[in-house]
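Order of the sequence lines sets the chain letters (A, B, ...), proteins ahead of strands, with each chain counted from 1.
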Amino acid sequence: MALRFYNTLSQQVEPFEPQDGKTVRMYTCGPTVYHYVHIGNLRTFTFQDLLRRWLLYRGFELQHVMNITDVEDKIIRKAMEEGKTIQQYTSQYETAFLEDMDRLRMQRPERLVRATEHIPEMVEAIEKLAAGGYTYTSDGSVYYRISKFPDYGKLSHIDVSGQRAGARVDVDEYDKADARDFVLWKGRRDGEPYWDSSLGAGRPGWHIECSAMAMKYLGDTLDIHAGGIDLTFPHHENEIAQAEAVSGKPFARYWLHAEHLMVESQKMAKSLGNFYTLRDLLEGGYEPEVIRYLLASVPYRKKLNFTFDGLRAAATALERLRNYKLRLETGKFSGDANSAALDATQKARAAFDEALDDDLNTAEALGAIFEFVRETNTAMDEGKFGAGNAKPAQELLDHFDSIFDVLRPKQKEGAICDAEVEALIAERTQAKKTRNFARSDEIRGLLAGKGIVLEDTKDGVRWKRK
RNA sequence: GGCGCGGUAGCCAAGUGGUAAGGCAGAGGUCUGCAAAACCUUUAUUCGGGGGUUCGAUUCCCCCCCGCGCCUCCA
């Protein structure tokens with residue numbers, strides 16, 4: 001079956017095809033840069049990265065835009081507390097975010113766009129909404145009048161008619177005519193950053209940035225809009241209300257939402273002391289690739305229960321795959337391709353692709369890979385894996401890694417170089433020939449101290465960095 | 001209360017109207033100077049509970065129990 005995704009809009013799995021059949025226009029909600037992103041954020045971004053890669057593998061061209069929210073209540077408050085401008089305050093976290101992306105091997109979207117660099121676009125969108133009668137002004141702020149947009153609620157499947165005006169406390173501290181309404185433009189307040197505009201001095205509301213930037217770079221109708229599940233309402237619902245009121249066209253064809261990550265079965269929260277950033281985990285000695293593997297291994301629509309046991313299990317599982325890769329690269333295989341091993345490889349490849357086509361079922365895709373690894377390992381043990389089997393196997397592994405991107409660990413700084421390792425291995429081999437096991441073990445220990453693991457195999461010594 | 005997601009072996013987790021992938025952990029074994037790596041066997045007569053439909057349900061329907069999320073700015 002062809003590529004398909006679960007669409008929040010229809011609440012069904014639907015075949016996917018970009019509107020022009022060729023280029024996927026995708027917008028994903030990026031971070032609000034008021035702190036380091038946490039592993040829950042990274043789970044969502046990992047999903048977006050897998051999505052990117054799979055779309056590219058499937059032959060589509062990709063125009064992927066990710067926003068960076070760099071003006072927002074919390075940012076303003078924090079920046080003011082620290083006596084910084086919001087740019088000074090956010091730039092450190094934006095840089096940190098990009099570093100985190102790199103460490104987790106996330107590809108950069110075609111465009112990363114900052115909210116503060118698109119104020120005119122947002123003002124223009126709000127003006128259009130105003131012209132259409134979708135807005136009202138109260139106390140210097142501009143609001144979206146939800147009652148003007150009959151489709152409101154179609155994404156989150158929430159019936160807003162039951163929510164009465166004024167039923168809830170106005171946490172925004174701005175006056176609204178209806179509790180359901182949301183702010184498009186916040187009037188200037190003392191001490192806060194603001195922009196002068198035809199709407200008056202002020203700053204944009206959160207939701208308008210995504211609608212305005214998405215439409216600017218991707219057109220009125222996106223193919224895919226993705227983000228965390230908690231953004232479904234109200235953020236994405238509001239984006240739809242804004243964009244569709246402006247353009248009169250559907251805003252996005254497919255809405256994909258990643259489920260949350262839990263920590264030890266609990267919601268991650270600073271108050272629970274289970275709030276982790278990537279930095280926290282790296283300081284704990286966990287490899288970024290292991291973290292990526294763990295985040296990628298649970299299908300995106302399922303809650304991911306993050307535990308340190310799980311992280312250790314991921315490390316072991318990943319090591320198994322890397323051992324296999326090493327065996328494939330260093331093993332001496334001879335003879336023609338064994339047909340059973342070839343079948344196993346082809347079968348795994350088909351199963352892997354089919355699993356990812358099926359709404360990015362990464363768990364099933366991994367299952368196919370591990371099965372392939374076991375079957376071909378057995379074949380190697382039994383001498384039923386010929387030289388002709390190595391290439392297809394290698395290609396499958398490369399294919400896997402072009403999506404998961406976890407097999408090649410980053411070389412550590414100051415590590416012993418290959419030549420030195422090889423020289424010591426040669427000496428050890430000599431020592432073994434003369435049955436000088438004391439020296440042989442000494443060299444093994446020496447290398448182990450430098451993070452090098454030796455394995456004696458029938459084809460010679462195999463070594464790896466750990 | 002409304003909307004949504006989920007409850008599958010010790011843990012993580014896939015899955016289908018026809019009788020349970022895969023990973024981790026555990027136990028035993030093969031191999032081995034040692035150490036690894038790898039492989040084999042073993043670990044769910046059963047898929048939260050109870051009804052129903054069916055020749056047959058973990059998979060469809062109904063009810064119940066439990067966990068979690070959203071319901072105004074949290075990925």
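Partners of A/Tyr89 under the ring-ring contact (aromatic ring centres under 6.0 Å, His included) rule, at least two apart in sequence or in another chain, are A/Tyr93. Evaluation of the salt bridge (Lys or Arg N to Asp or Glu O under 4.0 Å) rule for A/Glu14 yields no partner, not counting sequence neighbours. Under the side chain to side chain contact (heavy atoms under 4.5 Å, CB included) criterion, A/Asp381 pairs with A/Arg327, not counting sequence neighbours. The side chain to side chain contact (heavy atoms under 4.5 Å, CB included) check on A/Ala390 picks up A/Phe333, A/Phe385, with sequence neighbours excluded. With sequence neighbours excluded, the residues forming a side-chain hydrogen bond (donor to acceptor under 3.5 Å, both in side chains) with A/Tyr324 are A/Thr376, listed by chain and number. In terms of the side chain to side chain contact (heavy atoms under 4.5 Å, CB included) criterion, residue partners of A/Thr330 (sequence neighbours excluded) are, by chain and number, A/Leu326, A/Arg462. Listed by chain and residue number, A/Lys303, A/Asn305 satisfy the side chain to side chain contact (heavy atoms under 4.5 Å, CB included) test with A/Met262 (two or more places apart in sequence, or in another chain).
Relative to the ring axis of A/Tyr300, A/Arg43 does not place its NZ or CZ within 45° and under 6.0 Å from the centre.
Contacts with RNA chain B (heavy atom under 4.0 Å) in residues 447-461 of chain A: A/Leu454, A/Glu455, A/Asp456, listed by number. Of the residues in residues 347-359 of chain A, not one places a heavy atom less than 4.0 Å from an atom of RNA chain B. For the contact set between residues 421-443 of chain A and RNA chain B, defined by any heavy atom under 4.0 Å, the members are A/Arg428, A/Lys432, A/Phe437, A/Ser440, A/Asp441.
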Tabulate protein N/O versus nucleotide N/O from nucleotides 1-8 of chain B, keeping only pairs under 3.5 Å, one per line.
residue : atom : partner  : partner atom : Å
B/C5    : O2   : A/Lys303 : NZ           : 3.2

5' to 3', nucleotides 20-31 of chain B under a 4.0 Å protein heavy-atom cut-off (B base, S sugar-phosphate only, - none) gives -BSSSS------
